[in-house]
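Report on one structure; see the data block that follows.
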Amino acid sequence: MSDNVKVFGAIDLGASSGRVIAALVSDGTCDLREVSRFGNGPKPQTDGSLLWDFDGLFTAIVDGIAQLGDLADSIGSEVVSVGVDSWAVDYGLIGANGELLSQPHHYRDERNLLGVESVNAQISPDQQFASNGLQFQPFNTIYQVAAEQLQNPDGLAAAKMLLLIPDLVAYLLTGKAVTERTNASTTGLLDATTSEWNFEFIDTLGYPRELFTELVNPGAQLGQLLPKFKTCSALENTVVTAVGSHDTASAVLSVPKLDSWGAYLSSGTWSLLGLELDQPLLTPEVKAANFTNELGVCNRIRFLKNITGLWLLQESVSIWEKQGRFSGYAELLADAEKIGPQPLIDPNDHEFSAPGDMPARIQSQLARNGQSISGEPAAITRCILDSLANSYSTHLAELEKITGRNITALNIVGGGSQNELLNQLAANATKRKVIAGPVEATAMGNIASQMAAHGLIDDSIEAQREFVARSVSTKIYQPRNEK
């Protein structure tokens with residue numbers, strides 16, 4: 001079997017969970033197997049701040065790599081490579097001895113608002129957008145580092161490197177410190193036109209230049225696992241390969257066919273809705289509409305808007321679980337489909353940003369608007385899904401207006417593409433065909449980048465997408481009128 005099957009690993013870290021996924025590659029396609037899954041999420045502190053338990057996360061990653069090696073051993077193969085992707089913008093600070101100085105702050109930490117005020121006082125929002133092309137988000141790294149300056153100046157002064165989460169994982173696994181460009185493009189400190197660090201901004205804001213490490217593209221081989229992580233013979237020659245380390249970059253790579261008529265929606269905790277372009281759009285109209293230009297694999301521009309996704313439902317379910325009112329997603333979604341359309345909320349309202357009692361907040365917003373809804377899980381769920389679908393329609397029309405494109409199809413990828421009710425509601429609301437899948441979009445994009453780097457497929461974006469298309473199935477939803 002080892003002559004025919006090559007094993008790759010995707011370390012896929014999301015805001016609510018992480019996985020280590022094995023890709024068994026043979027005959028030009030791959031079979032994904034989840035070898036490890038572990039929880040993740042914000043950890044509230046007594047001072048009100050939100051941190052990640054990165055130490056616990058990394059321990060779970062290491063355990064998952066060991067299980068990946070055991071799987072490869074069991075089929076007489078070896079792990080060729082592993083790649084790391086995660087959410088964007090958050091980072092860890094590395095001290096002089098190579099140690100992580102403190103647990104990284106969570107992007108939902110309210111301290112970021114202090115950073116926004118500080119940065120805007122030194123560099124106008126117009127100047128920022130003209131260089132970085134980013135949608136305003138108070139958690140962009142540029143603001144987080146400013147908050148660090150204000151709240152933790154000694155810690156920042158002690159740091160020798162700033163590493164985004166996937167680069168931090170790769171550094172701890174290999175000892176090689178780099179910053180992968182697709183994730184760097186979310187920081188606000190990367191020039192959207194040159195794809196290089198904007199040292200003018202960095203100097204103006206007083207951030208030490210040495211914090212920002214060498215930039216690399218997806219496909220760069222960073223080195224072998226450190227000896228302590230080689231727990232079996234299958235891991236003896238395993239290298240860590242840079243992939244589209246911003247999970248959305250890998251997810252967009254995995255859209256099986258993305259042409260000028262199609263938009264994508266990476267559906268999970270967040271919804272990332274956009275198009276793929278050859279060059280960034282940096283006009284005042286784009287800034288006013290709050291769209292963003294982020295870097296994709298093969299230097300494509302992910303022109304998108306970051307809008308709320310299934311976060312509202314995830315938080316609601318956590319409340320219902322505590323109340324003993326949740327019996328599984330299948331039953332919940334079936335009940336939501338039966339109950340029919342519900343009043344709409346603005347799912348992108350800031351009041352829904354922080355963790356908490358989401359059903360109560362939803363009812364509160366509706367009440368302020370003179371509407372009401374049952375507090376039953378099915379009604380809240382249907383309200384959330386109807387509101388998300390309506391949000392997709394609104395922002396899709398905005399996307400067409402700004403780019404001048406005629407969008408005829410919406411490609412939904414990621415975990416949210418399993419939600420058949422949301423897929424159908426999205427087709428109905430947008431009046432466009434929805435193509436759902438792959439579910440494991442980020443992992444597939446992660447693996448495709450590694451395979452291209454190791455010469456198993458061509459490194460063009462077309463070849464990588466053809467590989468994905470051979471390996472996954474999709475489902476089409478046509479719009480219909482709801483009675």
Side-chain angles (χ1 to χ4, degrees), residues 10-15 18 40 42 51-55 57-58 61 82-95 98-109 112 115 132 134 137 139-148 155-156 159-192 195-198 201-202 205 207-218 220 222 240-251 270 272 292 294-297 302 306 442 445-446 449:
I11 301 169
D12 179 24
L13 307 176
N40 193 28
L51 303 181
W52 295 103
D53 176 16
F54 183 83
D55 290 343
L57 185 64
F58 187 70
I61 291 168
V82 295
V84 189
D85 66 75
S86 86
W87 68 96
V89 303
D90 290 343
Y91 61 85
L93 295 174
I94 301 298
E99 76 282 14
L100 180 64
L101 293 176
S102 61
Q103 298 302 289
H105 278 261
H106 191 284
Y107 59 82
R108 294 188 189 273
D109 195 318
N112 298 333
N132 60 37
L134 290 187
Q137 295 284 7
F139 47 66
N140 289 342
T141 316
I142 188 173
Y143 307 127
Q144 291 204 42
V145 181
E148 195 93 46
L156 190 62
K160 300 304 178 187
M161 293 185 293
L162 181 153
L163 294 176
L164 299 169
I165 296 298
D167 302 317
L168 177 57
V169 173
Y171 166 71
L172 294 175
L173 290 175
T174 65
K176 177 73 170 177
V178 299
T179 303
E180 189 278 316
R181 276 191 169 87
T182 69
N183 214 2
S185 73
T186 71
T187 63
L189 295 167
L190 196 80
D191 187 284
S195 298
E196 301 292 343
W197 289 123
N198 186 333
F201 278 12
I202 289 168
L205 296 169
Y207 304 161
R209 286 193 177 200
E210 59 268 22
L211 290 179
F212 302 94
T213 63
E214 172 194 0
L215 290 160
V216 299
N217 292 327
L222 307 182
V240 176
T241 303
V243 298
S245 67
H246 182 199
D247 51 11
T248 309
S250 280
W270 291 92
L272 295 310
T292 200
E294 296 174 359
L295 197 61
V297 177
R302 290 178 288 117
N306 192 342
T442 304
N446 182 318
S449 287

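Here the structure is a predicted model, which is why all the values come from computation and not from measurement.
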Q | Gap between atom CG of Leu190 and atom CG of Asn198 - 0.5 Å precision | A | 8.5 Å
Q) Using the ring of each side chain (for Trp, its six-membered ring), is Trp270 parallel, tilted or perpendicular to Phe139, with breaks at 30° and 60°? A) perpendicular
Q. With a 4.5 Å heavy-atom cut-off, do Leu100 and Leu168 have their side chains touching?
A. yes
Q. Which pair of non-hydrogen atoms, one from Gly95 and one from Lys160, has the smallest distance, and what is that distance?
A. C-CG, 3.8 Å
Q: Give the intermediate values and the outcome of side-chain contact (heavy atoms from CB on, under 4.5 Å) for residues Ile94 and Tyr171.
A: CA-CA 10 Å; Ile94 301 298; Tyr171 166 71; 4.0 Å; yes
**Q.** Distance (rounded to the nearest 0.5 Å) between Met161 CE and Leu93 CG
**A.** 10.5 Å
Q. Between Gln103 and Leu51, is there a donor-acceptor pair closer than 3.5 Å when you use the side chain of the first and the backbone of the second?
A. no
Q) How many angstroms lie between CD in Gln137 and OG1 in Thr186, if you round to the nearest 0.5 Å? A) 10.5 Å
Q.
Is it the case that the side chain of Asn112 and the backbone of Asp109 share a donor-acceptor pair, with hydrogens and angles ignored and the cut-off at 3.5 Å?
A. yes
Q.
So, applying side-chain hydrogen bond (donor to acceptor under 3.5 Å, both in side chains) with Asn446, which one of Thr241, Asp85, Asp247 is it?
A. Asp85
Q: In sequence, state the C-alpha distance, the side-chain angles, and the governing distance for Leu134 and Asn140, and then conclude on side-chain contact (heavy atoms from CB on, under 4.5 Å).
A: CA-CA 9 Å; Leu134 290 187; Asn140 289 342; 4.1 Å; yes
(Q) If I compare all heavy atoms of Tyr107 with all of Ala15, which pair ends up nearest, and what's the gap? (A) OH-CB, 3.5 Å
Q: Evaluate the side-chain proximity of Ile11 to Leu173: yes if any heavy-atom separation is below 4.5 Å, no if none is.
A: yes
Q. Can any side-chain N or O of Tyr207 pair as donor or acceptor with the backbone N or O of Ala146 at less than 3.5 Å?
A. yes
Q) So which heavy atom on Arg302 is nearest to which on Gly296, and how close? A) NE-CA, 3.7 Å
Q.
Give me the atom names and distance for the closest heavy-atom approach of Leu13 to Ile165.
A. CD1-CG2, 4.4 Å
Q. Which residues pass the ring pair (Phe, Tyr, Trp, His ring centres under 6.0 Å) test with Tyr143, sequence neighbours left out?
A. Phe136
Q. Within a strict 4.5 Å, meaning less than it, do heavy atoms of the Phe54 and Asp90 side chains meet?
A. no
Q: Decide side-chain contact (heavy atoms from CB on, under 4.5 Å) for Thr292 and Asn306; before the verdict, give the C-alpha distance in whole Å, the side-chain angles of both, and the deciding distance to 0.1 Å.
A: CA-CA 8 Å; Thr292 200; Asn306 192 342; 5.9 Å; no
Q: Using the side-chain contact (heavy atoms from CB on, under 4.5 Å) rule, take Glu294 and Thr182 through it: C-alpha gap first, then chi angles, then the decisive distance, then the call.
A: CA-CA 7 Å; Glu294 296 174 359; Thr182 69; over 6 Å; no
Q | Test side chain to side chain contact (heavy atoms under 4.5 Å, CB included) applied to Glu196 - qualifying residues, sequence neighbours left out | A | Arg181, Thr194, Leu215
Q) So, for Pro166 and Ser86, which heavy atoms are closest and what is the spacing to 0.1 Å? A) CD-OG, 3.0 Å
Q | Rounded distance [0.5 Å steps], CG in Leu164 versus CG in Asn183 | A | 5.0 Å
Q. Counting distance only, does the side-chain N/O of Ser250 pair as donor-acceptor with the main-chain N or O of Gly244 below 3.5 Å?
A. yes
Q) How far does CG of Asn40 sit from CD1 of Ile61, to the nearest 0.5 angstrom? A) 8.5 Å
**Q.** Nearest-0.5 Å distance that lies between atom NE2 in His246 and atom CG in Leu272
**A.** 6.0 Å
Q: Please report the C-alpha distance between Thr179 and Thr213 in whole Å, then the side-chain angles of each, then the deciding distance to 0.1 Å, and finally whether the side chain to side chain donor-acceptor pair (under 3.5 Å) criterion is met.
A: CA-CA 6 Å; Thr179 303; Thr213 63; 2.6 Å; yes
Q: Over all heavy atoms of both residues, which pair between Ala192 and Asn132 is shortest? Give the atoms and the distance, please.
A: CB-O, 3.6 Å
Q) Can any side-chain N or O of Thr187 pair as donor or acceptor with the backbone N or O of Ile142 at less than 3.5 Å? A) no
Q | Residues forming a ring pair (Phe, Tyr, Trp, His ring centres under 6.0 Å) with Phe212, sequence neighbours excluded | A | Trp197
